[in-house]
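Within every chain, numbering begins at 1; the chains are lettered A, B, ... in the order of the sequence lines, protein sequences first and strands thereafter.
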Number of protein chains: 2
Amino acid sequence: MSILVVGSVAFDTLKTAYGEREKILGGSATYFSLAASYFTKVRVVAVVGEDFTGEHEEVMKARGIDTTGIERAKGKTFHWGGEYGDNLNEAKTNFTDLNVFQNFKPRIPKQYTDTSFLFLANIDPALQLEVRRQMPDVKLVGGDTMNLWINISREQLTGTLKEVDILLINDGEAKLLAGDSSLPRAARKVLQMGPRALVIKHGEYGATIFFRDGMHPFRAPALPIDEVQDPTGAGDSFAGGFMGYIASQGTLDRSVLTKAMFYGGVMGSFAVERFGTERLQKLTTEEIENRFEMFRSLTHLE
Amino acid sequence: MSILVVGSVAFDTLKTAYGEREKILGGSATYFSLAASYFTKVRVVAVVGEDFTGEHEEVMKARGIDTTGIERAKGKTFHWGGEYGDNLNEAKTNFTDLNVFQNFKPRIPKQYTDTSFLFLANIDPALQLEVRRQMPDVKLVGGDTMNLWINISREQLTGTLKEVDILLINDGEAKLLAGDSSLPRAARKVLQMGPRALVIKHGEYGATIFFRDGMHPFRAPALPIDEVQDPTGAGDSFAGGFMGYIASQGTLDRSVLTKAMFYGGVMGSFAVERFGTERLQKLTTEEIENRFEMFRSLTHLE
């Protein structure tokens, strides 16, 4: 079944130990939709400016992604500049030019309203809730957020979380949201805020999914990768693999969820091997399945 | 088969978010031997002072640990004082009174020389090498080290590493030893220094074993534990479970090594649930097996 993602389509200017890139295609919805496109039909709602060309759009279209929902606005596309030092889990932001993103009012095209799965990428929780309300019939809603919203829009975020089935955040965000330095306790507190499941991403150590109903948590590894050229988009690609795989399956049992965690890790691990979305643009099913097997052998107890 | 551990038997004065304890039993050899005692016969070589009582020794004897090799010296026992803040992976040292440990010259009792497995806990790499040379017939040598020795005795340590089969260190130590901020690359560099296998401990995220011969790495989880009362000894308890399980098995194939990684995580997870060695003193086989199953369900892909 198809999945709709609402988030940012943007440009990134990046510097890592492996080099620099100027104004390359990025954004949470871009990474998410490319990663998810290997599993299911993907639709995107975002806003871009006049500097977003047909060539940029073609990156998504070539993967069969429906870009009807990408609105063209007057002005420039959201542009983020950042760099990474030795700690690849932490980016130093050089600039954040919101540009057309500043006035983003997500509009869901009519032909999108029958989408079964929805992913609310990291945008203002007020907008996330608006989108959620425009899609009353979705089967499952995934969501992301960040420290900024936890700090400045906690109340709004708490309202949005009641409408999210699976929240995907990282360790620091979970601890900040719960106000608790113990990760499992923080997980329990976040689950009491609404989501039925919580995926906490641990960067190079993988990710753990916790469940509100008391089902055993499950941890998927991240592959020990020699050369992380550019960590940008790892979390969004994880979400794309995770939600994309779920959307591709008919049911939502433990077997599907645990495999989805693995596919999330797989897509995140591909994303960081090259700058930007380069690696996610041209993967083969064989590459994905081979990496899945590597992940399995990394954790499989004989 | 039996295992010999050479390391510290000490007192710890600790402060964590859960309380304080003064001069409780600790030390790398103590945690290691208690954890290993659930799997195999354990022998200890260490030095203690006059303040080490029969009651302290009884903690080990009650677990069937052979304490013949614990030397009594004039003076006080090694005493460490430290505390933990929110980051449980990092202790703040308040004092380190080496006392009798300062002049520790490990002497292997004659009746110990037939021991098949040897673990060189975190002591001066020069002493580790001396011990290793006194045990030429061991089947397998495990070892630990720390930032201090990497910084002040790198050359000596490099010599010792050539005589160690399996090195167990944490992320920071591996990166420092290799001079490389990428963990998998650091692992490869450390393996080129001598050990056939390298276990890198990731604290609450588990541990990964890397092999020199190119066999797939394997990652075991750490359990998400709500209440880490005292992280002291987690790494030594991991080593005790890991090496103890290996010593208890006849062979050393991937199946044994992967289970050993799990048992390492299991024993580490018990250690941190209470202050000091309290939890490791009275475990049941059932508790250990139940936790092993919890770890398995945490990572088992259906």
Side-chain angles (χ1 to χ4, degrees), chain A residues 17-18 84-88 171 174-175 180-189 200-210 215-229 253-263 265 272 292-302, chain B residues 17-18 84-88 171 174-175 180-189 200-210 215-229 253-263 265 272 292-302:
Chain A
Y18 288 85
Y84 301 86
D86 266 0
N87 180 358
L88 296 169
D171 286 50
K175 289 175 180 179
D180 198 314
S181 64
S182 152
L183 204 61
R185 266 204 318 258
R188 244 192 348 261
K189 288 182 185 174
I200 301 186
K201 296 169 285 180
H202 314 307
E204 64 176 316
Y205 302 118
T208 309
I209 185 166
F210 296 88
M215 184 161 54
H216 282 311
F218 179 77
R219 178 170 296 174
L223 194 72
I225 287 181
D226 275 29
E227 303 208 339
V228 175
Q229 290 206 353
D253 56 19
R254 186 172 175 92
S255 161
V256 169
L257 283 167
T258 57
K259 285 203 187 79
M261 289 290 288
F262 264 63
Y263 281 115
V272 302
F292 186 97
E293 280 311 313
M294 283 173 74
F295 271 57
R296 185 205 287 269
S297 82
L298 184 66
T299 55
H300 185 66
L301 197 61
E302 289 171 37
Chain B
Y18 288 85
Y84 302 85
D86 266 358
N87 179 358
L88 295 169
D171 286 50
K175 289 175 180 177
D180 198 314
S181 65
S182 152
L183 204 61
R185 269 205 317 259
R188 243 191 350 260
K189 288 183 185 175
I200 301 185
K201 295 169 286 181
H202 314 308
E204 64 177 316
Y205 301 118
T208 308
I209 184 166
F210 296 88
M215 186 160 53
H216 282 312
F218 179 77
R219 179 169 296 173
L223 195 71
I225 287 182
D226 274 29
E227 303 209 337
V228 175
Q229 289 207 354
D253 55 18
R254 187 173 174 92
S255 161
V256 169
L257 283 165
T258 56
K259 285 203 186 78
M261 289 289 288
F262 264 64
Y263 280 115
V272 303
F292 185 97
E293 281 311 314
M294 281 172 74
F295 271 56
R296 184 206 288 268
S297 82
L298 183 66
T299 55
H300 186 67
L301 198 60
E302 288 170 39

| request: Would you give the length of the straight line joining atom NE2 of B:H216 to atom CD of A:E293, rounded to the nearest 0.5 angstrom? | output: 9.0 Å
| request: State, to 0.1 Å, how close B:A222 and A:R219 come at their nearest heavy-atom pair, and which atoms those are. | output: O-NH1, 3.3 Å
| So do A:L301 and B:H300 actually touch side chain to side chain, heavy atoms under 4.5 Å? | no
| Do you know which two heavy atoms are closest between B:F218 and A:T299, and how far apart they sit? | CE1-C, 3.4 Å
| said: As an exercise: rank A:A186, A:S181, A:S297, A:S255 by heavy-atom pairs under 4.5 Å with chain B and give me the winner. | reply: A:S297
| query | Can you tell which of B:R254, B:K175, B:M294 has the highest number of heavy-atom pairs within less than 4.5 Å of chain A? | reply | B:R254
| Structural part of A:F295 lying under 4.5 Å from a heavy atom of chain B | neither
| message | What I'd like to find out is whether the side chain of B:S182 reaches to under 4.5 Å of the side chain of A:V228, using heavy atoms alone. | response | no
| query | Mind checking whether B:Y205 and A:H202 have parallel, tilted or perpendicular rings, split at 30° and 60°? | reply | tilted
| With only heavy atoms counted, which part of A:R296 is less than 4.5 Å from chain B, the side chain, the backbone, both or neither? | side chain
| note | Applying a strict 4.5 Å limit to non-hydrogen atoms, the region of A:D253 in contact with chain B is neither
